[in-house]
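Proteins come first, then strands; the chains are lettered A, B, ... in the order of their sequence lines, and each starts at number 1. The shown structure was predicted, so the numbers you read here are calculated from the model rather than taken from an experiment.
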Amino acid sequence: MDENASPFTFSRHMILSPDFYARPTLTVARELLGARLVRLLDGIRLAGIITETEAYIGEKDLGCHAKSGKTKRNAVMYGPPGHAYVYFTYGMHWCLNAVTEAEGFPAAVLIRAILPIEGVEIIHKRRNGGDTRGPAKLTRALAIDGALNGVRLTEPSSGLWIESGLSVPDESVTVGPRVGLYTVPEPWKSMPWRFRVIDPF
DNA sequence: AGCACGATGCTCT
DNA sequence: GAGCATCGTGCTT
């Protein structure tokens, strides 16, 4: 993606910097609520407010893809913060994460839901009229797949980035266990590392 | 409104 | 060969 080809300015909403991601994963997961996920597709901005996230934190977290050490699949999580970790699952779905913490420590925040706010008609069409609540639904809506694995979320030339957005007060946030970890042992299965904005729709 | 299940193919053991 | 950080459909209450 050629940043010089874009007619848009990015000054209204600041792009989140690597420093934002180079912090404890729980902090990043909480603060990404209200931020604006932007995808530049064919020169058009598709964007949504992030309304749900989950934290995956290191090799000791048995719910995390890094639980068995570094592999080809999870290598991006071991890299520098602020990059996109995009993985394929269930034979048909892509999921988007933002890599967090220091380089060398494998951790990331899974983006689980957005509220469409720019390019809404295109997003709606890409979803066949469906919603964008669900990690694989939003990647489908924003045309995010393995080609974006490893790109920087901190610069527009990637075609995918995150900008500062709304401030979400604690009263509007619920915290609970992560989703879909059916065979993950306790305590990891029940760690309250899922963050949601209450009733944003 | 909620639960059960099949789809579908990559990754790691 | 088993296991997926899921989704949509179709069936039951």
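- At the heavy-atom level, A:Gly63 lies under 4.0 Å from base atoms of the strands shown.
- In this structure, the nucleotide among C:dA5, B:dC12, C:dC7 sitting nearest to the side chain of A:Thr71 is B:dC12.
- Listed candidates were B:dA7, C:dT6, B:dC12. Nearest to the side chain of A:Met92 is B:dA7.
- Considering only side-chain N and O atoms, A:Thr183 lies under 4.0 angstrom from the phosphate OP1 or OP2 of C:dC4.
- Using the Watson-Crick or G-U wobble rule with both distances under 3.5 Å, B:dC5 pairs with C:dG8.
- Among the nucleotides C:dT6, C:dG8, B:dT8, the one closest to the side chain of A:Lys137 is C:dG8.
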Check residues 14-22 of chain A and write down every donor-acceptor pair under 3.5 Å in which the side-chain atom is one partner and the other belongs to a residue at least two apart or another chain.
| residue | atom | partner | partner atom | Å |
| --- | --- | --- | --- | --- |
| A:Ser17 | OG | A:Asp19 | N | 3.3 |

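- Between the CG atom of A:Leu62 and the P atom of B:dC12 there is a distance of 17 Å, given to the nearest Å.
- Which of C:dC4, B:dT11, C:dC7 sits closest to the side chain of A:Arg73 comes down to B:dT11.
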Next item on the list: Begin with the C-alpha distance, continue with both residues' side-chain angles, and end with the deciding distance and a verdict on salt bridge (charged side-chain N to carboxylate O under 4.0 Å, His left out) for A:Asp61 and A:Arg178.
Entry: CA-CA 12 Å; A:Asp61 172 10; A:Arg178 296 171 293 181; 2.8 Å; yes
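- A perpendicular orientation is assigned to the rings of A:His93 and A:Tyr90, their planes being inclined by more than 60° (bins at 30° and 60°).
- A:Leu110 comes within 4.0 angstrom of a nucleotide base, judged by non-hydrogen atoms across all strands.
- Using a 4.0 Å heavy-atom criterion, one finds that A:Arg178 contacts no nucleic acid atom at all.
- Under a hydrophobic-cluster definition in which Ile, Leu, Val, Met, Phe, Trp and Tyr are linked whenever side-chain heavy atoms come within less than 4.5 Å, directly or via other members, A:Val179 and A:Leu110 are assigned to different clusters.
- Closest approach to the A:His93 side chain among C:dA5, B:dG9, C:dC7 is made by C:dC7 (side chain taken as heavy atoms from C-beta onward).
- Rounded to whole Å, atom P of B:dG9 lies 15 Å from atom CG of A:Asp145.
- Whole-Å rounding puts the A:Ile111 CD1 to C:dT6 P distance at 14 Å.
- For the OP1/OP2 pair of C:dC7 and a distance below 4.0 Å, the side-chain nitrogens and oxygens of A:Arg140 include no atom meeting the criterion.
- The distance from atom NZ of A:Lys72 to atom P of B:dC10 is 12 Å, rounded to the nearest whole Å.
- Going from atom CH2 of A:Trp94 over to atom P of B:dT8 covers 17 Å, rounded to whole Å.
- Backbone-only engagement by A:Arg127 is indicated by non-hydrogen atom pairs under 4.0 Å involving sugar-phosphate atoms exclusively.
- Rounded to whole Å, atom P of B:dA7 lies 16 Å from atom CZ of A:Phe88.
- A donor and an acceptor atom never sit less than 3.5 Å apart when one is taken from the side chain of A:Tyr90 and the other from the base of B:dA7.
- For residues 94-109 of chain A, the set of pairs meeting the side chain to side chain donor-acceptor pair (under 3.5 Å) definition, not counting sequence neighbours, comprises A:Thr25-A:Thr100, A:Thr25-A:Glu101.
- In this structure, A:Leu181 places its CG atom 9 Å from P of C:dC4, rounding to the nearest Å.
- Stacking between A:Tyr56 and C:dA5 is shown: the ring centroid lies under 5.5 Å from the centre of the six-membered base ring, and the planes differ by under 30°.
- A:Tyr182 places its OH atom 11 Å from the P atom of B:dC3, with the value rounded to the nearest Å.
- Remark: A:Arg194 CZ is packed, more than 12 non-hydrogen atoms of other residues, nucleotides or ligands lying under 6.0 Å away.
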